[in-house]
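Below you'll find the structure, written out as structure tokens, and then a few comments.
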Amino acid sequence: MEIKPLIPFHPDFLEAIKLNQSIESELLINALESDSCLSIRVNKSKKINIFNNNKVVPWCGHGFYLEQRPIFTNDPLLHAGCYYVQEASSMFLSHVFNELKLNEKKINVLDLCAAPGGKSTLILDHILPESLLVSNEVIKTRATILRENITKWGLPNVAITNNDPEDFKKIPHFFDVIVIDAPCSGEGMFRKDKATRNEWTPQNVTLCAARQKRILNDCLASLKPGGYIIYSTCTFNEKENIENVQYFQSQFDLKTVEMPLNKSWGIVATAKGCFQFYPHLLQGEGFFCAILQKNITDKITTYQPKVKNKYDFVSKNNIEILKHWLKTENMDFLQINQHIHALPQANSQDIFLVMSKLYCIHAGVLVGELKNSQLIPSHDLAISTLILPSIQKIDLSKSQSLDYLKKNDNMSEFPLEKLEKGWFLNTYEGQNLGFSKKIDSRINNYYPKEWRILKNL
Ligand code: SAM
């Protein structure tokens with residue numbers, strides 16, 4: 001049996017933990033040496049019940065623990081966006097959104113540090129369809145994986161941006177909620193990813209704490225008076241957590257917000273509105289979350305300038321074509337460089353504003369292209385919640401689904417004769433995986449090449 005070498009903790013980290021009166025340091029260190037737990041969160045819009053017998057994450061009703069790690073890549077339902085592999089402590093955002101009743105009115109939410117998309121997909125399941133999520137990632141290469149995960153989630157009330165936090169000053173008083181899941185020193189990940197212990201230095205903690213201050217300072221103008229900041233890190237470090245929250249309150253017109261907790265959950269309230277997750281006290285990794293509210297000033301202004309949309313709307317005739325493919329009620333259809341995007345009418349004005357002021361890399365659901373009065377559907381449409389159930393489809397076995405997701409040309413025992421010519425959806429256990437097209441006796445696989453499962457897995 002291979003024995004994994006233990007990766008030592010930095011002595012300054014150990015000392016800081018030991019000096020912290022509120023931490024039972026020995027229990028914490030032991031927990032960091034043990035195995036991490038595994039959890040997933042199911043997509044509320046894509047109903048699956050395969051995890052119903054698993055233990056539920058106490059603070060998130062649709063998060064479930066897994067006892068063993070499956071080979072996720074080989075599960076077609078993961079590729080269909082039916083669930084997201086997410087660390088349990090981070091699902092606390094579900095409890096926060098529920099307690100703040102953020103699903104009871106139309107709001108604009110910014111997820112400022114969003115890639116790879118764990119919090120964003122959770123937020124989409126906790127807001128009304130009329131509300132808008134702006135999911136932002138400053139690092140371009142990381143924005144690509146964010147777009148993939150959001151697309152798989154399938155909902156249209158979202159725009160993805162690739163901006164620096166300070167760019168949000170251009171849309172003052174626009175958001176009701178800003179989620180800042182800040183880049184941090186990552187002490188809470190020392191168990192799940194032991195190699196991160198090598199990256200920890202006291203200098204990096206100082207750098208992270210300063211960057212977190214800057215991020216909050218830069219985005220605060222875009223928050224409405226009365227709006228919420230949900231600030232989180234995956235570290236135990238007080239400089240990045242409680243001390244930063246105290247700094248935010250000393251510099252800005254912010255107050256912390258109390259949140260009821262069930263004692264049995266094991267979450268430690270370190271101050272009013274500040275919550276610390278320790279792996280020796282609960283089933284989850286190290287995490288910190290603070291809820292702050294911007295005070296309501298006398299001059300409440302909401303930023304709602306009328307922005308002229310610079311793109312063409314799809315003509316009524318062409319919308320008739322789209323009606324064969326997707327739900328068109330209460331949707332606006334925009335033509336952007338040949339491609340049709342479906343945006344919920346309830347937030348299209350807000351999306352136009354975001355598109356005009358920020359670097360928006362995606363909005364709504366990409367429907368496809370119209371050529372000679374025919375729709376060439378996009379993959380995004382196949383896995384979106386807008387697609388009509390009446391589209392021709394074929395339910396595949398698990399091995400056929402994996403062949404499809406690998407873009408194998410010869411799928412085993414594929415029932416070609418059952419299908420009519422043209423586009424059809426490949427499904428697995430009733431969930432859409434993507435389009436193919438039957439042309440005479442041939443099938444063309446339209447699964448996106450960049451998302452395919454690599455064949456040697
Ligand atoms: N919220 C994500 C999720 O739940 O999947 C995880 C976010 S991760 C903790 C922090 C993110 O902040 C990273 O994607 C990183 O690229 C981004 N980031 C790094 N530096 C940043 C900065 N100066 N301003 C804003 N975001 C930054």
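Treat the numbers as computed from the prediction; the structure is a model and nothing was measured. In each ligand, atom 1 is the first atom listed, and ligand 1 is the first ligand listed.
When only non-hydrogen protein atoms are considered, atom 5 (O) of ligand 1 lies nearest to G118 N, 2.8 Å. The protein non-hydrogen atom at the shortest distance from atom 10 (C) of ligand 1 is D181 O, 3.4 Å. Atom 19 (C) of ligand 1 has P183 CG, 3.6 Å as its closest protein atom, hydrogens excluded (heavy atom only). Given atom 27 (C) of ligand 1, the protein heavy atom at minimum distance is V138 CG1, 3.4 Å.
Judged purely by distance below 3.5 Å, without hydrogens or angles, the side chains of N136 and T161 pair a donor atom with an acceptor atom. A donor and an acceptor atom, one from each side chain of R41 and S94, are nowhere located under 3.5 Å apart. Side-chain contact annotation: K213 with Q251, donor-acceptor N/O pair under 3.5 Å absent. Using modelled atom types, one finds no donor on one side chain facing an acceptor on the other under 3.5 Å when comparing S185 with N237.
At a heavy-atom distance under 4.0 Å, only side-chain atoms of E137, from C-beta outward, approach ligand 1. Counting heavy atoms under 4.0 Å from ligand 1, residue I215 touches it through the side chain alone. The proximity of R142 to ligand 1, defined as any non-hydrogen pair under 4.0 Å, is limited to the side chain.
A salt bridge does not link D253 to K294: none of the charged nitrogens lies less than 4.0 Å from a carboxylate oxygen. Electrostatic pairing of R197 and E33 counts as a salt bridge here, judged by a charged N lying under 4.0 Å from a carboxylate O.
Remark: side-chain polar atoms of D332 are not paired, donor with acceptor, to backbone N or O of L343 under 3.5 angstrom.
Close contacts of ligand 1 with I139, meaning ligand atoms under 4.0 Å from a residue heavy atom, involve 16 (O). In the vicinity of R211, heavy-atom distances shorter than 4.0 Å reach the ligand 1 atoms 23 (N).
Looking at ligand 1, you won't find any N or O of Q86 less than 3.5 Å from one of its N or O atoms. For ligand 1, the polar-atom distance check against K119 finds a nitrogen or oxygen pair separated by under 3.5 Å. Polar contact with ligand 1: present for C113 (N/O pair, distance under 3.5 Å). Between A115 and ligand 1, a contact under 3.5 Å exists for at least one N or O pair.
Heavy-atom neighbours of Q338 CD from other residues, nucleotides or ligands within 6.0 Å: at or below the threshold of 12. In the displayed structure, Y359 atom OH is contacted under 6.0 Å by at most 12 heavy atoms of other residues, nucleotides or ligands.
Contact annotation: P165 has at least one heavy atom less than 4.0 Å from an atom of ligand 1.
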